[in-house]
Protein chains: 2
Amino acid sequence: MVSKLDTKTRILDAAESLFAEHGFSDTSLRLITTRASVNLASVNYHFGSKKELIQAVIARHLELFMPLLNEKLTALCAQAEKPSLLDVFNSFVDPLLALEQQSKNGTVIFMQLLGRSYTDEQGHLRWYTTTHYGEVLANITKALLKANPALSSQELFWRLHFTLGTAVFTMGSSGALMDIAKADFNQDIDVEGLIRKVIPYLASGMNTSTETTSM
Amino acid sequence: MVSKLDTKTRILDAAESLFAEHGFSDTSLRLITTRASVNLASVNYHFGSKKELIQAVIARHLELFMPLLNEKLTALCAQAEKPSLLDVFNSFVDPLLALEQQSKNGTVIFMQLLGRSYTDEQGHLRWYTTTHYGEVLANITKALLKANPALSSQELFWRLHFTLGTAVFTMGSSGALMDIAKADFNQDIDVEGLIRKVIPYLASGMNTSTETTSM
DNA sequence: GTCTATATTAAGATAGAC
DNA sequence: GTCTATCTTAATATAGAC
């Protein structure tokens with residue numbers, strides 16, 4: 001079985017890139033099975049329905065990403081009495097880049113799926129994530145609070161979602177953004193470069209004081 | 001003609017809220033016409049196609065929002081030699097809130113449409129906006145550069161998109177976020193409150209220096 | 001497990017009477 | 001301008017042979 005990837009994997013690979021590119025609704029099973037070079041009926045045989053295929057695609061990424069992130073965060077919290085916000089956000093870099101190895105463009109696809117899962121009708125993601133990875137989410141807030149103890153849990157809640165929005169939108173449209181950067185500024189930047197570019201922005205937002213400051 | 005809104009407006013009103021809620025693809029013409037209490041065929045009579053209806057919905061918001069924003073920005077640039085970043089971002093508040101008067105939940109719907117226009121396959125928006133409102137976009141960058149002259153045009157490009165991501169995501173999912181805030185923190189916040197809460201975050205990100213800083 | 005063939009449903013769009 | 005009725009296409013899903 002070294003020869004070729006099995007049908008189930010081929011479907012997952014094709015589905016994830018098409019979902020990320022066109023969204024869930026605009027990606028038909030015919031499109032998926034054609035790209036995967038498998039029979040149309042095999043999706044329902046292996047996954048039961050399109051809905052369950054969507055879940056499987058998202059789950060495959062989360063299963064790789066979440067444990068890696070959890071490791072990094074617990075290590076950071078164990079080692080540093082008061083980590084910097086940059087340290088906390090930098091903990092996301094390796095787990096995100098690890099997705100590149102699982103599938104081509106894995107990092108970008110993962111972020112696009114995150115964004116679509118939040119907005120598209122199929123917003124099961126929030127529920128799925130919190131029930132399956134509640135511990136990791138708790139560790140994220142724990143690390144951020146160690147880095148910035150002045151944050152109230154309310155403020156942390158809001159800023160976490162501001163952060164998520166920036167990250168999802170930026171990485172999700174990274175293809176277009178990198179193209180523009182190349183055309184307008186002759187700037188070559190890859191996914192890792194983009195991640196490292198957005199992190200200071202995120203850290204700054206998480207760090208700012210609530211009061212109206214003079215700038 | 002004081003009695004009832006005309007068919008065309010009824011369709012636009014129904015379509016915009018459904019598009020914002022379910023996305024373009026997941027909203028059928030049948031759903032729209034049912035909610036608008038008009039005949040199915042009237043969409044094609046008045047707009048030609050679903051695609052053109054989508055454009056019309058977006059255009060109606062932009063036509064109200066963009067001139068208002070332009071006024072604020074030019075006034076700010078004329079009046080202040082070096083406006084603060086908070087001043088620049090505060091210029092968006094009134095134009096955004098003006099959308100509330102055009103249609104119920106207009107502000108949130110507008111931001112949701114912005115987000116969907118960027119991600120959904122129907123990403124004509126970037127083209128439409130730049131060709132129709134290039135002057136306003138230029139004034140946005142002009143104001144930001146006056147407020148933070150240290151920004152290179154490259155950095156400004158990236159941070160503008162970080163900003164857009166935060167705003168679109170936050171406002172677009174504001175319904176869910178406000179519900180959670182109420183349930184978890186007993187915090188009552190409305191759309192204007194949310195806008196005012198995100199602005200310091202945006203200003204901070206736009207202000208931060210590129211260098212790795214100690215935090 | 002994989003294939004062909006087909007059932008079923010729902011979508012966008014239009015013709016033509018009023 | 002508005003309505004009913006219908007055309008055409010494409011989607012998900014399944015039955016049943018191999």
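Predicted, not measured: the structure shown is a model, and the values here were computed from it.
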Just checking, any donor-acceptor pair under 3.5 angstrom between side chains of A:T9 and A:D6?
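Side chains of A:T9 and A:D6: pair found under 3.5 Å.
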
Polar contact flag, side-chain donor to acceptor under 3.5 angstrom, B:E52-B:S49:
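Indeed, the side chains of B:E52 and B:S49 share at least one donor-acceptor pair under 3.5 Å.
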
Is a donor on one side and an acceptor on the other found under 3.5 Å between the side chain of A:T27 and the backbone of A:L18?
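Looks like yes, one N/O pair under 3.5 Å.
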
Grab the [atom1]-[atom2] distance between [X] and [N] for me, whole Å please.
{"X": "B:N44", "N": "D:dC3", "atom1": "CG", "atom2": "C1'", "answer": "14 Å"}
{"X": "A:L29", "N": "C:dA10", "atom1": "CG", "atom2": "P", "answer": "16 Å"}
{"X": "A:H46", "N": "D:dT14", "atom1": "NE2", "atom2": "C1'", "answer": "15 Å"}
{"X": "A:I32", "N": "D:dA11", "atom1": "CD1", "atom2": "P", "answer": "11 Å"}
{"X": "B:D26", "N": "C:dG12", "atom1": "CG", "atom2": "P", "answer": "11 Å"}
{"X": "B:K50", "N": "D:dT9", "atom1": "NZ", "atom2": "P", "answer": "19 Å"}
{"X": "A:L5", "N": "C:dG1", "atom1": "CG", "atom2": "P", "answer": "15 Å"}
{"X": "A:E52", "N": "D:dA13", "atom1": "CD", "atom2": "C1'", "answer": "12 Å"}

Does C:dG1 have OP1 or OP2 under 4.0 Å away from a side-chain N or O of A:N39?
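Checking C:dG1 against A:N39, no side-chain N or O comes under 4.0 Å of OP1 or OP2.
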
Are OP1 or OP2 of C:dT2 and a side-chain N or O of A:T7 less than 4.0 angstrom apart?
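Yes, such a contact exists.
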
Could you check whether A:S28 gets within reach of a base, just the sugar-phosphate, or nothing at all, counting any heavy atom under 4.0 Å?
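Sugar-phosphate, backbone atoms only, no base.
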
Under 4.0 Å, heavy atoms only, any strand: does B:T33 hit a base, just the sugar-phosphate, or nothing?
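Counting heavy atoms under 4.0 Å across all strands, no contact is made by B:T33.
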
Between [X] and [Y], how do the two ring planes meet: parallel, tilted or perpendicular, split at 30° and 60°?
{"X": "B:F162", "Y": "A:Y201", "value": "perpendicular"}
{"X": "B:Y128", "Y": "B:H132", "value": "parallel"}
{"X": "A:F110", "Y": "A:F65", "value": "tilted"}

Which nucleotide, [options], lies nearest any side-chain atom of [X]?
{"X": "B:Y45", "options": "D:dA13, C:dT2, D:dT2", "result": "D:dT2"}
{"X": "B:L40", "options": "C:dA13, C:dG1, D:dA13", "result": "C:dA13"}
{"X": "B:A41", "options": "C:dT2, D:dA13, C:dT14", "result": "C:dT14"}

Pull out every residue in residues 9-17 of chain A that has a heavy atom closer than 4.0 Å to any atom of DNA chain D, ordered by number, or say none.
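Hits under 4.0 Å, by residue number: none.
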
B:E16 and its salt bridge (charged side-chain N to carboxylate O under 4.0 Å, His left out) partner, picked from B:R60, B:K104, B:R10
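So, applying the salt bridge (charged side-chain N to carboxylate O under 4.0 Å, His left out) to B:E16 and each of B:R60, B:K104, B:R10, only B:R60 qualifies.
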
